[in-house]
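Below: the structure, in structure tokens.
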There are 2 protein chains.
Amino acid sequence: MSVPKFAQIKEFILENIQSGEWQENDRVPSENELTSQFQVSRMTARRALCELTDAGILTRSQGQGTFVASFKSQSSLLEIKNIADEVKARNSDYSCTILVMESIRAIAPIAIALGVEVDSHVYRSVIVHNENEQPLQVEERFVNPALAKDYLQQDFHSLTPHEYLSLNAPLTEARHTVEAIMPNQEMCEWLNLYNEEPCLQVIRRTWSSQGIVSFARLVSPGSKYRLGGHLTFKK
Amino acid sequence: MSVPKFAQIKEFILENIQSGEWQENDRVPSENELTSQFQVSRMTARRALCELTDAGILTRSQGQGTFVASFKSQSSLLEIKNIADEVKARNSDYSCTILVMESIRAIAPIAIALGVEVDSHVYRSVIVHNENEQPLQVEERFVNPALAKDYLQQDFHSLTPHEYLSLNAPLTEARHTVEAIMPNQEMCEWLNLYNEEPCLQVIRRTWSSQGIVSFARLVSPGSKYRLGGHLTFKK
DNA sequence: CAACTCGTCTTGTATATACAAGGAAATTAT
DNA sequence: ATAATTTCCTTGTATATACAAGACGAGTTG
């Protein structure tokens, strides 16, 4: 058997959608209808429908049927990778400079972002990530000490903060925002920017099962760093 | 039955991974082992393994077994949504201003990005998307005329270019880059920016099965627009 | 000693069957 | 006429079974 039956059924359905024969929210054949049309068992027809549902192409509802998913909210995805991996993948030299490792009292916005009491102690680190000795990104991170006691004792030359935290408080959720900002003077110094230039800023908050782990601000010069995304609509 | 058996098995596997009991690339129990451990049929054990594989938690290999996937390339994802939908979702008023609709001869960089001959005709549109009458994003788009003949005849007040193209040349692939830039003077005028401010620029190239469809440049003021991403590590 | 075969374990595909549960429409009872 | 019930079609879960196909090691053969 060259092409599995469930794959043939998937193709059949996708062709009908791509040709426009079946529009958004149209009903597609039920498991039983496919069973008799293709002379397969219900489980095989079902597999085709389930896999297309997992892929976001169809939606199913018990008792009602299976429908072509609406593409309205079709959104494209961008990846945010670990900066150290990215640099190494370019065959460049990666290094980092640790500027700050301290325990501070949380002012209101930090406390709120970390979900802790205002004025309680939190850890703060500032690290510059370099590509071929040139600053590429500044990482300012606030960490909830309850979830990473030994944070300040780590040597982040060998393991990035993100890697360390992933190991010690397994991530369950992350939220990001990306924006374009003008760096302040301190940031310009950290990034070695003589002429002001726009920077890409990523704010990342990460959760583990026990609560908010950390709150990071990643700033990179617009001329040296960009985010990439690649999206294929699986056939 | 409150919690389905296949879901219980999934939880069992995930707990072992999250607790660190099973490390990256470790082998997990085979279908047959789970079958006897949980007193279920092989198909039920199989379902748990397959769903975790689809979710990227496990990898499977015929003849070898099932393994904990490596999180090395763990990357976070950001969404780029349709701007019109986003504005409407905020309960704001959406409108757009069409500045340019023309057919031009492609200079080299445009021709290359679209995969057409240099100096051949391509369509170009420039549209400003407004939120509550304030410019939010400038969309400059170059379109391959072979794949969207009637592009210039469209009324983009009712249907955004992205929606039109999605309908006429179903997307198979898209690539994005995001960067922080300083807008030039023309862009400042389009965006109504009196004081220069950094902008977020998204470059999007889209493919259909017949080739490259279009090449778009989306520019938004850093103070008014940001990209958001939400990632949950499914339990 | 190398190459081959065979048996066994693994995942992959496919079927037939059974019952559960949700939704909607037709039927029945009030 | 309205409300409750039944009935049917849908998807959801679960099992037992069969054979195919890839990987790998043990043993056999040259």
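A note on names: the letters A, B, ... follow the listed sequences, proteins ahead of strands, and every chain is numbered from 1. Everything quoted here is computed from the prediction, not taken from an experiment.
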Establish, with yes or no, whether the OP1 or OP2 oxygen of D:dT10 is under 4.0 angstrom from a side-chain nitrogen or oxygen of A:R60.
no

Counting only side-chain N and O atoms of A:S41, is one of them less than 4.0 Å from OP1 or OP2 of C:dA16?
no

If you measure from the Lys or Arg side-chain nitrogens to the Asp or Glu carboxylate oxygens, is any gap between B:R217 and B:E139 under 4.0 Å?
no

Under 4.0 Å between a side-chain nitrogen and a carboxylate oxygen: does that hold for A:E31 and A:R60?
yes

Between A:L49 and A:M43, which residue's closest nucleotide on DNA chain D lies nearer the 5′ terminus?
A:L49

Which is it for B:F156 and B:Y151 under the ring pair (Phe, Tyr, Trp, His ring centres under 6.0 Å) test, yes or no, and what are the steps along the way?
CA-CA 10 Å; B:F156 290 126; B:Y151 185 77; 5.0 Å; yes

What I want to check is whether the side chains of A:S120 and A:E117 have a donor and an acceptor closer together than 3.5 Å.
no

Do we see a donor-acceptor contact under 3.5 Å between the side chains of B:R141 and B:S214?
yes

Would you mind reporting whether B:I83 and B:L136 have side-chain heavy atoms less than 4.5 Å apart?
yes

Gap between atom CZ of A:F215 and atom CD of A:E140 - 0.5 Å precision
8.0 Å

For A:R47, report the nucleic acid contact type (base, sugar-phosphate, nothing); a contact means any heavy atom under 4.0 Å.
sugar-phosphate

Checking contacts here: which listed nucleotide (D:dT15, D:dG12, C:dG12) is nearest the side-chain heavy atoms of B:R46?
C:dG12

Among C:dT13, C:dT11, C:dA18, which nucleotide sits nearest the side chain of A:R42?
C:dA18

What is the distance from NZ of A:K5 to P of D:dA18, rounded to the nearest Å?
18 Å

Heavy-atom count check: over 12 atoms from other residues, nucleotides or ligands less than 6.0 Å from B:R226 CZ?
no

For DNA chain C, the residues among residues 26-34 of chain A that have a non-hydrogen atom under 4.0 Å from it
none

All N/O contacts under 3.5 Å from nucleotides 22-26 of chain D to the protein, with atom names and distances to one decimal?
residue, atom, partner, partner atom, Å
D:dG22, N2, B:G63, O, 3.3
D:dC24, OP1, B:Q64, NE2, 3.4

